[in-house]
2 protein chains.
Amino acid sequence: MTKKEKKDAKQRIYDAALSLFARKGYSAVGCREIAKTANVNISMICYYFGKKVDILKAIINECYDKYYHAVLNIGDENTPPQERVRLIVRKLVEFFRENTGLAMVAFNTLPIDIPEIVDLKIKWMSGKSKATIELYTQLGLDTNDVVKMNVIRGVLTTIILEHFQFRYARKHIMQVTHQSKYIREFLTQEIIPEYNDDFYEQYSEILAELYFHGLNSIVAHNSKP
Amino acid sequence: MTKKEKKDAKQRIYDAALSLFARKGYSAVGCREIAKTANVNISMICYYFGKKVDILKAIINECYDKYYHAVLNIGDENTPPQERVRLIVRKLVEFFRENTGLAMVAFNTLPIDIPEIVDLKIKWMSGKSKATIELYTQLGLDTNDVVKMNVIRGVLTTIILEHFQFRYARKHIMQVTHQSKYIREFLTQEIIPEYNDDFYEQYSEILAELYFHGLNSIVAHNSKP
DNA sequence: GTTTAAAACAAACGATTGTTTAATATGGAG
DNA sequence: CTCCATATTAAACAATCGTTTGTTTTAAAC
């Protein structure tokens with residue numbers, strides 16, 4: 001192996017782990033499986049990353065870093081709210097579309113019992129998106145209304161991530177060699193669209209519409225004091 | 001132990017597994033941990049359930065069974081759409097509130113590589129909710145519009161489940177003995193409402209509003225052919 | 001050529017895994 | 001009391017786990 005190829009070992013481990021974690025979850029994937037998938041010796045994992053959990057941390061850090069760069073400042077106070085929603089939705093869809101596996105690993109609620117992972121996620125959550133806060137203000141939403149904030153907290157991210165998770169899972173199921181009766185039926189009945197740029201342009205438009213009008217409808221809704 | 005207490009061993013195993021799976025995910029929980037938590041001998045797990053995966057299957061079956069009973073027929077064609085949304089949302093919130101752990105385990109996308117689990121979920125997914133399909137029709141939504149159906153597929157379930165997952169995770173984090181700087185900050189800044197009946201009455205009302213008006217806004221939206 | 005540092009390998013450690021097997025305990029019926 | 005079925009236990013199996021350790025290989029610098 002040339003020097004270039006050697007430098008790739010760390011990346012291959014990272015990519016293998018990412019793919020496996022997305023498919024099976026962190027705990028179900030062992031270091032030997034990662035090493036085998038990456039075509040490296042098992043010791044390379046500790047050599048390049050330290051402990052297994054450090055791979056997960058690297059993935060989470062990459063994901064959140066990308067995420068915040070994608071959505072940090074979308075539009076400004078002069079952007080009309082509806083346009084701003086559209087921009088935010090587009091950015092989010094783009095982000096999750098390009099980083100489906102990454103997002104699946106990093107945004108997964110579990111595990112919630114590994115202290116350093118919980119810490120890491122909470123640290124990242126401190127950097128809230130300025131764009132969404134401004135948007136709420138532009139729309140006249142009372143951000144001190146605890147109930148409303150609970151309803152809308154993370155709604156867009158959740159909906160879009162779930163869409164891509166479902167797509168990812170279905171794609172994986174289609175690749176399985178042995179397909180049971182139910183899976184065959186499921187894949188037969190489902191109309192699977194072509195997930196091209198055109199599809200996602202429309203998807204984003206419709207979702208932005210739904211979200212914007214939904215938000216608007218609750219602006220004047222009076223919660224009890 | 002009396003006979004009654006003996007009969008409880010199976011239930012204790014089930015409850016222990018449910019709680020642990022919800023917190024850590026299926027793969028991160030071992031049979032010995034479940035047995036210890038349930039205060040039974042390790043062999044009891046195979047005695048009462050067979051293989052470990054059969055516990056997960058039992059949980060998934062219970063959850064989906066409850067879920068479909070909760071949401072199968074809510075209102076009918078004569079129920080005004082907005083009222084029907086309200087009823088559906090209330091039922092869903094009620095279901096997820098009372099079965100948070102159960103739902104977290106069963107609705108979790110992962111693992112997607114255990115054939116029998118994938119099978120089971122797909123089998124359950126065949127029984128779609130009649131209420132939501134009727135609702136779309138009532139509102140004038142074109143259910144053959146693939147893009148729209150992709151946007152709204154499972155939106156309510158997703159939003160509500162995510163709310164309760166976040167609540168669950170936060171509760172767990174609060175119970176951890178050692179709290180890092182970030183966690184302390186996080187818990188200090190967050191205004192945690194009292195999640196009582198009143199809160200969820202308002203939550204449901206606001207979410208129903210958001211969803212109904214969102215749906216209505218996309219009814220007339222023309223997707224490209 | 002030698003030296004050095006980095007990369008890669010193989011073996012091993014202590015621990016844990018899901019599951020099986022054989023033995024024992026328990027409780028109900030007769 | 002005995003008998004039988006069920007519940008429970010402890011030991012064990014083959015396998016895997018994350019990580020460490022020592023050795024070898026590789027590549028770059030001199």
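Here the structure is a predicted model, which is why all the values come from computation and not from measurement.
B:N39 has its CG atom 12 Å from the C1' atom of D:dT8, to the nearest Å. Spacing between atom CD1 of B:I42 and atom P of C:dT17 amounts to 9 Å, rounded to whole angstrom units. One atom, CG of B:N41, and another, P of C:dT20, lie 15 Å apart when rounded to the nearest Å. Atom-to-atom, CG of B:D54 to C1' of C:dG18 comes out at 12 Å; the value is rounded to the nearest Å. In this structure, CZ of A:F49 is placed 13 Å from P of D:dT19, rounded to the nearest angstrom. Here the P atom of nucleotide D:dT6 and the NZ atom of B:K10 are 14 Å apart, to the nearest Å. C:dT16 atom P lies 15 Å from atom NZ of A:K52, rounded to whole Å. The nearest whole Å value for the distance from the NZ atom in A:K36 to the P atom in C:dA8 is 20 Å.
Looking at which nucleotide of DNA chain D each of A:E33 and A:S43 is closest to, the 5′-most match is held by A:E33. Comparing A:Y47 and B:C31, the nucleotide of DNA chain C nearest to each residue sits closer to the 5' end for A:Y47.
Listed nucleotides C:dA12, D:dT6, C:dT20 differ in distance to A:R32; the shortest reach to its side chain belongs to C:dA12.
With respect to A:Y200, the side chain to side chain donor-acceptor pair (under 3.5 Å) criterion is satisfied by exactly one of A:H163, A:E94, A:R97, A:R90: A:H163. A:E116 pairs with exactly one of A:K57, A:K52, A:K51 by the salt bridge (Lys or Arg N to Asp or Glu O under 4.0 Å) rule, that one being A:K57.
Less than 6.0 angstrom separates the ring centroid of A:F107 from the ring centroid of A:F96.
Contacts of B:V29 with the nucleic acid, taken as non-hydrogen atoms under 4.0 Å apart, involve only primed sugar atoms and P, OP1 or OP2.
Taking 4.5 Å as the limit, some side-chain heavy atom of B:R153 sits within range of a side-chain heavy atom of A:E162.
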